[in-house]
Each structure stands twice: as structure tokens, then as C-alpha cells.
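What follows is one structure encoded as C-alpha cells, with my remarks underneath.
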Amino acid sequence: MKKYIWIIALIAMGTFNSCQDFLDERQVSNLTQDYYNDQNGLESLINGLYVFARIKHEWDASGSRLTQAETDAYMSSSPAWARVEIGTYGNDLSNVAGNVFNYLGNANAAYAPMGAYPHINNCNLALDVIENGKPGVFGTDQAFANQRKAEVLFLRSWAFYLVSNQLGDIPLLLTPRRQDDGIYHYPKASLEAVYKQIIEDVRFAYENLPTNAPRGRITKWAAGHFLAKLYLNRAQAAEFANSGDESLRMLFKGTNPTDLEQSIQIATEVISGAGGLAPDYSTLFDPSVSETNPHPEVLWSAQFDTNIGLNGRFGGNRSVNYHVGNYTEQSGVNRSMAYGRPFGTFKPTDFGYDNFKDKMHDSRYAKTFQHEYIGNMAGNSTSFTWTAPTAAWWNANKPADQPEVKAGDRRVQNGRRALIYLENDKENALDSMEVMSQPYQFMVRWVRSSKTGNYYYRLFINGANMGLATQLAPYLAVKKYVDPSRGGSTDESNFNSEAGTRDAILMRLAETHLIRAEAYGRKGDYAAALDDINILRQRAAFKGGENRPAPIVEWYPEARELNASERQTPFAASGDSYNTIMVTQNHFTPGTPEATREGYIPSVTTKADMFVHFIYNEKNREFLAEGIMWEDLHNAGILFERVMHHNQMASNRTGLWPSATNTAGGNGQNGNGKGQLQKHHTFRMWPFNYLVQLTDENGDPLDPSARSAYQNPGY
């Protein structure tokens, strides 16, 4: 095992021959390191570094598990993960520790070690050759050499950033290791030292990168976005230096009185130069647009390809598999390329749905989720059937233009609605008989029996409890990753393929606006902050003639806000809804109706604190499931409190949620939290498999007390 610790990984080489296939992955472990000492070899090494951009989207046993869940708005769909139990977080063989070990860098079969530190070592090798070898054009063209150095420094800094988000103080390795000498002495540097280094390096990148580059390659604007975020992160934690809360004190990254000004200045330069937001939020995630003509709003994305042989050992963008629940169970819907593979790994929390406060007017709710599925099984339908009571109800209450039905017939007809969702609250519970008597599956959060008055939470069509962690049951799923070219083509026979081909967004300009907004607000300039927030709201508003999804208008109680024409098919907006969703200071001013509606956690009582939490409510609306929210909430120091108040599966608090009649099985809705999240869980543990490989400076293994001292508090 030791030979895999952070030794040079001779990994994927390639060139930027096109916008899609620049990561031409070839195993080159048979090459000697002399290969990198000429211009072509060094170029290949630098190009190969971009493989690490995929870390968040390759494999749920590595990056995505650590960056998607468990947050206030997004969670794992299986109870064992979502509950944050001791067996998941607290012992040496836990799943999370395994994820962290893979994240740091681990070998897999015949492949070179992958993960953050093998990548960092490759960066250090490239920097050494750039600065000391200077082969070919690297020695004759300083501007070119600086540009390539800037890319490498950015990519190394991004790895340090990702790892420090998880672990806090980390080894800050800045020189290449070319051979295994049996000494694995990796003392940790403080988070303050890590941030000082990466801010310096990313500033160099910002000053030396071009404004335009081949797709997937780092530009000045991506570096500026990252730099503005680093300044903001350091400013966020400045007040935690002497905190009595250890989990907050560990976030301290140093102090600099100009950090907020620097964040604003750099973000402003990026916003002015990058090209603006995409006019339509949905096109950012529509593969027919994003894969052929990505908007400049996307500042950086991890590259994948329809030539799946180029996508590495994990088969491409695996995130295409992780965000879709099981829409196939008795629904009359077969797996299809258009709907995605229903692995059901991650899902929104109830707060994740409810945080969209303006479902009728903020189009992000309509455009983030797959609200409706259409039957596609023809005569082979596995749809559930009409029972005598449900058929009788339908025949007595159906619209005049709909046919009567009889018990025993399949409910879902090919080419017609098969499955829809309603995320309602208990006060707006629907009659259970009405819900269970539709000619499609109707997944409703709250129903009420008109006979008994009992309230039921998330019943399946057969009356079974789906519970809080729905696992592979149907749930209103994020559609941002749906990939109609899974497996390498649009052939419907690929419907079971896990090999995603879509590029994965890592940074986009909408976040730059919210970075600047938060920096302005932390300085007390709320007017400037609102300008940035409302730029996103202007884009989010429904535009005249834009159709709302039918289930939203037909079933959500908020549809009463619409005028009569908007409630008629095809449910087109009659005008721009921006004035309805425009944000004012009332949204974060204590005592106002707008602030009350925003639903701040009880500990947030001042305008300054409400503003910060509003920013993260807005980030959840804009970036749900895009893999940045765990890190952002963590760095802001608000992850624990928001998870404990909003994520029922991870929280151990009682009485915060409405209770239902169906509480059986330990996973039902009884109003109480089901989890065991503790403050120290906001930093991950150092894996035992990592700790036992460490040595002192002489190569002697660390004893148990030294390993314990290295470990993060609480583990």
C-alpha cells in the first residue's frame, strides 16, 4: 500500500486537439520521467493535469459523496448515509473515510494513483520543469511559460482548496517527489498557510492567463472567480480566530483587512469581462445547447466526451446517474435516455424543495426538476391498475372530456401522463382518495383522509410508506445532469449505461455575482449586494409566453396567484414576473413579512446574519445539486446549524417538523430528526488507511499517539 502514497502518477496525456477530446487518456506508466524534460512531454504532462477537474463527477465513492450531501437542501437518499450515523462517520472502516482516502489519492487496479495528492505531485513536477528545465518554447517565450505555469498553479491550488475544505489543516506539498524512498513524513500546514499560498498562486494565474482559451482550459475569468472566492472565504472565517467553538476555530484562514475589497474588485473585473449570464437558466443544463454551444457564463467545466474511451477509468461523468429517483416502478415508464438512469443516490431535502419560495414566478423551480413523466411502454405497460374504489372515484369526479375506467385496467396509457409530483405542506394536504384515484401516479408529500382526518406523509401508490430517505422510490428529481448521449450515443439501447458524456460545470458567472453580493453585504453595502442578487432574479423570472410545467399550475396552491389565462393550457406566462420576485432589503430585515417567509433559523436574528443566510438560501435555489453547497456552507461557518434545522435525516433535534400518522419503520414522519450530525463532522476524518502509512522524518511509522495527534478532533 505504501508505494501508492503521493508518488508521481504518470497519468493521462493528451493535447487540446478539439473542444471535447483534449483529455486523450493513454496509460503511460512505462514512460520515464525524462519524457517530461522536453517541450512536448511537458505539454503532455500539463494537459494531463486537467483530468483532476473530473474529481467531483467521476465516482460517488470519491468526490461526489463529499461535495453533494449532507447539506440543508440536499441529502443522500439511503438512510444509512443520510442519517450521518456513527457507522458512517465515526470509525476507521467507515464509508466516508473510504471516500476521503480515495479523494486524497488511491490506486485502482492497473491504474496509476489518482486523487488530490498524486495530482499535486504532478503539478509540482510540471512546475519544476517549467522553472528549471525550460525546454523549447518554455525557455524562449516567457509569456507562454508564464501562461502554462499559471494553469498549473491554478490546478494545484484547486486541489489544495478541495482537500482543505474537507480536512482543514493539510500537508502543503510544494516540491516534486520523483521516487519512493520509504519516507512518508507529511506534517500538516495550517489552513492560514494553505490560503496564503493558494491566494498567491491563483493571483499569479489571474495575472498571466488569457481571457479566451480552448473549451475546458483555464482562463483569466475562471482564475478571477476562484480568487474572489478565496478572498471571501478568508474574510468569512476571520472572526473565528478565537472562537470557543472548535469547529469554527478550525475554519480560521488568517486575516487581511482588504479581503472583502479584493473579492469585490476581482469579481467586478470578471463580471465585466466574462460575457454575462445565459439569458435562459435552462439552457445551461440542456445538453442540446450546453454540449454544442456552451454559454460564456460557464467559466470552467470538467471535460467528458461521447467517445467514452477518452473518459477515464470511471466511465465518464458519473453524476448523470446519481440525481434521479426510480420513476419506473409500476408507472408505465421504462428507463429512457431522456429521463436518465434512476440510481437514486442524492435527492433534495424537504427544505430543498420549500426553499423555492416563488414556485409560480421563479422559473428555477420549474427548470431544476423533472415534474412530469410520460408513459412509454406501449402494450407492455407495467403500470399499476384501477381498483374498484379508485375507479369509482374517478368515474364520479373525472373531467367531462375523459373516459370512464374499470377496475383491473392499467391506469397509465402510452404517450400520456404517467407520473407527477406535488411538494405541498401539511396545511395544503390533498384528499387521499383524490390523490390515489388519478390516471397516473401522483406523488404528493402530504395527503389527508377525509374519513379519518389522519395526515399521511409520502405514500406510494400502493399505500406503502416512502419515508424521509426515499432510496430508490420516486422523488422529484433534479434534471441538471440528464444525458441523452450516455454510453456514447443517443441510441436508446444505452439506457442502462453509466458512462456519462456531458461536461460538468465547475464554475459559472452566476456564482461570481453572489460572491460579490456577499462581500458587499458583509461590508454593509446592501444596495450594491441587491444589484447582484437581482441580476439573477431577472434571469430567473418567467418571461411572457414562457410555459410553466402543467403539474405546477394544476396542483400547487400558489397557482391561485396566476391570472385566468395563465391557468389554461399551455400555461404560458402573460408577462415578465420579475417584479414579483425582485429582492429588497425586506427579505433580510427582521420583522418583515418577506423575512418571515424566507424562514430563517431561530438563531439568525439580526439583519447582518439574515443577509448572509439569505445569500445561501439563494445559492441553494441557483446551484442546487451542482456540488458547491457543502463547501460553501462549511466555509461560511453555517453548515452545522442549517443542517440541524433543515435536514431532518441528519439532525437529532425534535419537534421541528410536522408529524404524520404513518410513522412506522423508524423512517416515518414523526416530527423529529433521525440523524446524529455533530459539530466535528463539519470536518472529515483522516482515514486510518492513510494514517498507518505515515512515518516520521526518518521513515519510522508513527506510533498510535502520533497518529491520534494528527487526526482531526472528535474522531
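Source: prediction; values computed, not measured.
Here His645 pairs with nothing under the ring pair (Phe, Tyr, Trp, His ring centres under 6.0 Å) rule; sequence neighbours left out.
Side-chain N/O atoms of Asp491 and Ser489 include no donor and acceptor closer than 3.5 Å. For Tyr327 and Tyr475, the side-chain atoms include no donor-acceptor pair closer than 3.5 Å. Between the side chains of Glu70 and Ser76, a donor-acceptor pair is found at a separation under 3.5 Å. Of the N and O atoms on the side chains of Arg508 and Ser301, not one donor lies less than 3.5 Å from an acceptor on the other residue. Remark: the Arg642 side chain and the Asn617 side chain contain an N/O donor-acceptor pair separated by less than 3.5 Å. Arg548 and Ser363 form no side-chain donor-acceptor contact under 3.5 Å, judged by distance and modelled atom types alone. For the residue pair Thr387 and Thr390, a side-chain donor N or O sits within less than 3.5 Å of a side-chain acceptor on the partner. Looking at Asn620 and Asn355, their side chains never bring a donor and an acceptor atom within 3.5 Å of each other. No donor-acceptor contact under 3.5 angstrom links the side chains of His57 and Tyr322, judged on distance only. No side-chain donor from either of Thr71 and Asn647 sits under 3.5 Å from a side-chain acceptor of the other.
A donor-acceptor contact shorter than 3.5 Å is absent between the side chain of Asn652 and the backbone of Gly675. Distance alone, capped at 3.5 Å, is enough to place a donor-acceptor pair between the Thr349 side chain and the Asp72 backbone. Put simply, the side chain of Gln669 gets close to the backbone of Gly671: a donor and an acceptor are under 3.5 Å apart. In terms of modelled atom types and a separation under 3.5 Å, the side chain of Asn376 and the main chain of Asn334 share a donor-acceptor contact. Formation of a donor-acceptor pair under 3.5 Å by the Asp503 side chain with backbone atoms of Phe304 is found in this model. Between the Gln441 side chain and the Gln330 main chain, a donor and an acceptor come within less than 3.5 Å of each other. Proximity of a side-chain donor or acceptor of Asn317 to a complementary backbone N or O of Gly500 within less than 3.5 Å is not detected. Within the 3.5 Å criterion, the main-chain N or O of Ala625 finds a donor-acceptor partner in the side chain of Tyr481.
Contact between Phe369 and Phe356 at its shortest, heavy atoms only, is CE1-CE1, 3.9 Å. Minimum interatomic distance between Met377 and Val333 (heavy atoms only, all atoms of both residues): SD-N, 3.7 Å. Ser381 and Gly332 get closest at one heavy-atom pair: OG-CA, 3.6 Å. Summarising the geometry of Asn712 relative to Arg684, their closest heavy-atom pair is ND2-O, 2.8 Å, with the distance given to 0.1 Å. Minimum interatomic distance between Ser383 and Arg411 (heavy atoms only, all atoms of both residues): OG-N, 3.3 Å. The two atoms that bring Leu459 and Met466 nearest to each other are O-CE, 3.8 Å, heavy atoms only.
A parallel orientation is assigned to the rings of Trp630 and His634, their planes being inclined by less than 30° (bins at 30° and 60°). Classified by interplanar angle (parallel below 30°, tilted 30° to 60°, perpendicular above 60°), the ring pair Tyr715/His681 is tilted.
From Leu633, atom CG reaches atom OH of Tyr74 across 14.5 Å, with rounding to the nearest 0.5 Å. How far CG of Leu66 is from OH of Tyr103: 6.5 Å, rounded to the nearest 0.5 Å. Here the straight-line distance linking atom OG of Ser319 with atom NZ of Lys56 works out to 10.0 Å at 0.5 Å rounding. To the nearest 0.5 Å, the span separating CH2 on Trp555 from CG on Leu430 amounts to 6.0 Å. To the nearest 0.5 Å, the span separating CG on Leu506 from CH2 on Trp158 amounts to 5.0 Å. Remark: Thr682 OG1 to Gln166 CD distance equals 10.5 Å, nearest 0.5 Å.
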Item to check | Stepwise salt bridge (charged side-chain N to carboxylate O under 4.0 Å, His left out) check, Asp286 with Arg502 | outcome: CA-CA 10 Å; Asp286 179 354; Arg502 292 184 55 188; over 6 Å; no
Next on the checklist: Checking Asn672 against Arg653 for the side chain to side chain contact (heavy atoms under 4.5 Å, CB included) test, could you report, in this order, the C-alpha distance in whole Å, the side-chain angles of both residues, the deciding distance, and whether it holds?
Outcome noted: CA-CA 6 Å; Asn672 301 325; Arg653 295 180 179 172; over 6 Å; no
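Residues Tyr457 and Thr661 are not in side-chain contact: their nearest non-hydrogen atoms beyond the backbone lie 4.5 Å or more apart. Between Glu329 and Pro474 there is no side-chain heavy-atom pair separated by less than 4.5 Å. Residues Glu297 and Arg539 form a side-chain contact, since some pair of their non-hydrogen atoms from C-beta on lies under 4.5 Å apart. Under the 4.5 Å side-chain criterion, counting only non-hydrogen atoms from C-beta, Met443 is not in contact with Ile420.
Ion pairing of Asp362 with Lys357 is absent here, as no side-chain N (NZ or NE/NH1/NH2) approaches a carboxylate O to less than 4.0 Å. Salt bridge annotation for Glu492-Arg335: absent, with no cationic side-chain nitrogen under 4.0 angstrom from a carboxylate oxygen. The existence of a salt bridge linking Lys229 and Glu631 is excluded, since no basic side-chain nitrogen approaches an acidic carboxylate oxygen closer than 4.0 Å. At a threshold of 4.0 Å, the pair Arg445-Asp425 does not count as salt-bridged, since none of the basic side-chain nitrogens sits closer than that to a carboxylate oxygen. Here Lys619 pairs with Glu511 in a salt bridge; the nearest charged N to carboxylate O distance falls below 4.0 Å.
The one candidate from Phe160, Trp300, Tyr161 that meets the ring-ring contact (aromatic ring centres under 6.0 Å, His included) condition with Phe226 is Tyr161.
Applying the salt bridge (Lys or Arg N to Asp or Glu O under 4.0 Å) definition to pairs two or more places apart or across chains, those involving residues 472-490 are Lys480-Glu626. The list of salt bridge (Lys or Arg N to Asp or Glu O under 4.0 Å) pairs with a residue in residues 366-384, not counting sequence neighbours, reads Asp280-Lys367, Lys367-Glu546, Glu372-Arg417.
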